[in-house]
Number of protein chains: 2
Amino acid sequence: MTETAGGRDAEAVSKFVESFAAQLVEAGMQRMPARIFAALLSSDSGTLTSAELGEQLQVSPAAVSGGVRYLAQQHMVAREREPGSRRERYRVHSDQWYEALTNREAVIKRWEGALREGVSSLGAESPAGRRLSETLAFFEFVDAEVAAMMERWRAHREERFGSAPL
Amino acid sequence: MTETAGGRDAEAVSKFVESFAAQLVEAGMQRMPARIFAALLSSDSGTLTSAELGEQLQVSPAAVSGGVRYLAQQHMVAREREPGSRRERYRVHSDQWYEALTNREAVIKRWEGALREGVSSLGAESPAGRRLSETLAFFEFVDAEVAAMMERWRAHREERFGSAPL
DNA sequence: CCTTAACTTCACAATTTTCTGAAAGAAGCG
DNA sequence: CGCTTCTTTCAGAAAATTGTGAAGTTAAGG
């Protein structure tokens, strides 16, 4: 085993990072954000500095900066400033996916907007308009259901893991 | 108004196609598949031939072919062969999103696989291992809930639109 | 204030992706 | 069968994306 000072198997970590990131990439995420996110997810503290990320992933500070900016916009990482230092820490919570999925609703809202315009410009009574209406109804349904689902997840998690999301 | 032979406002259709496709692209979908899908969604019959798609979107047959292949893999369009013709029709159903979302579960299953490997290689009792476990639990929860949600959607749609998906 | 550590921005090079035209491959129909 | 019509595949040009080094910006700490 390749052990680092911290006692973790650096190679195992890296293997997980790359394979999980690859899955995210295949699902449409950009490579660098995916790798950064995977690295954070598999860190013991759930936080890494820019320098640590750069070293682990073998990329420049600029690449880290760009990747983190993207992730922060998507609400997939939080930025923290260590008081009394110019170093920044990036953090994931275990329930970060909850956050991210909740955020997806914003995307769906825009889809809904485009669909509503389509319905009115193509005519609600035309065949195409009806198809768009039904599509819109599906999204509205999903919106509402996802909100309820997330509420159930919160309850489920507290029961199983305790209330504090790490 | 710019009316085509069929009486539809070609410009309005095109405007919807491009704006809806743009939203899909922003959410991570490739451009050509997004445009093709939007065009099908806003067609009166819900089907278009390769030639019709090429003309409407101003792209080559090769581009249509590539885009359709992708969409078919994702279960977002169905291919139909008109009997007694070499022409192929591509079709969307109004509940195509139901299909597509159901299909997303396959992607999540792979994420779950990568996470399980991570948990076992990093150690289930390490802090990182615990975070990965909790992430895994979230996905397992979502899997189950989405399946139930889709069942409810089927019931909801029948009630509201009648049972036959167009 | 001035220095210095850390992050960000920017222009550019390299890679990757995307679309096209051309050729090849199916499949109906005479 | 062979002609014709449609679709797919493929090599390559064009465009977009990605990551880098270097310069620029911000803020801590003497």
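Letters A, B, ... are given to chains in the order of the sequence lines, protein chains preceding strands, and every chain is numbered from 1.
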Could you state the [atom1]-[atom2] distance from [X] to [N], rounded to the nearest angstrom?
| X | N | atom1 | atom2 | value |
| --- | --- | --- | --- | --- |
| Glu80(B) | dA27(C) | CD | P | 17 Å |
| Leu53(B) | dC6(D) | CG | C1' | 14 Å |
| Arg31(B) | dC19(C) | CZ | P | 8 Å |
| Glu82(B) | dG28(C) | CD | P | 12 Å |
| Arg69(A) | dA6(C) | CZ | P | 21 Å |
| Gln58(B) | dG21(C) | CD | P | 11 Å |
| Met32(B) | dA14(D) | CE | C1' | 14 Å |
| Arg81(B) | dT8(D) | CZ | P | 8 Å |

Self-check item: 5'-most by nearest nucleotide on DNA chain D - Ser85(A) or Ser50(B)
Solution: Ser50(B)
Quiz prompt | Nucleotide nearest Ala63(A) when distance is taken to its side chain, options dT8(C), dT20(C), dT20(D) | solution = dT20(D)
Exercise. Identify, between Ser60(B) and Glu88(A), the residue whose nearest nucleotide on DNA chain C lies closer to the 5' end.
Key: Glu88(A)
Looking at side-chain heavy atoms only, is the closest gap between [X] and [Y] below 4.5 Å?
| X | Y | value |
| --- | --- | --- |
| Glu52(A) | Thr49(A) | yes |
| Arg89(B) | Leu48(B) | no |
| Val64(A) | Leu57(A) | no |

What contact category does [X] fall into here, base, sugar-phosphate, or nothing, at under 4.0 angstrom with non-hydrogen atoms?
| X | result |
| --- | --- |
| Gly66(A) | nothing |
| Tyr70(A) | nothing |
| Val64(A) | nothing |
| Ser65(B) | base |

Quiz item: Below 4.0 angstrom from OP1 or OP2 of dT8(D), is there any side-chain N or O of Arg86(B)?
Solution: no
Quiz item: Are any of Arg87(A)'s side-chain N or O atoms less than 4.0 Å away from OP1 or OP2 of dA6(C)?
Solution: yes
Quiz item: Is the side chain of Arg131(B) donor-acceptor paired with the backbone N or O of Leu41(A) at a distance under 3.5 Å, no angle test?
Solution: yes
Practice problem: Can you label the angle between the Phe20(B) ring and the Phe16(B) ring as parallel, tilted or perpendicular, going by 30° and 60°? | Solution: parallel
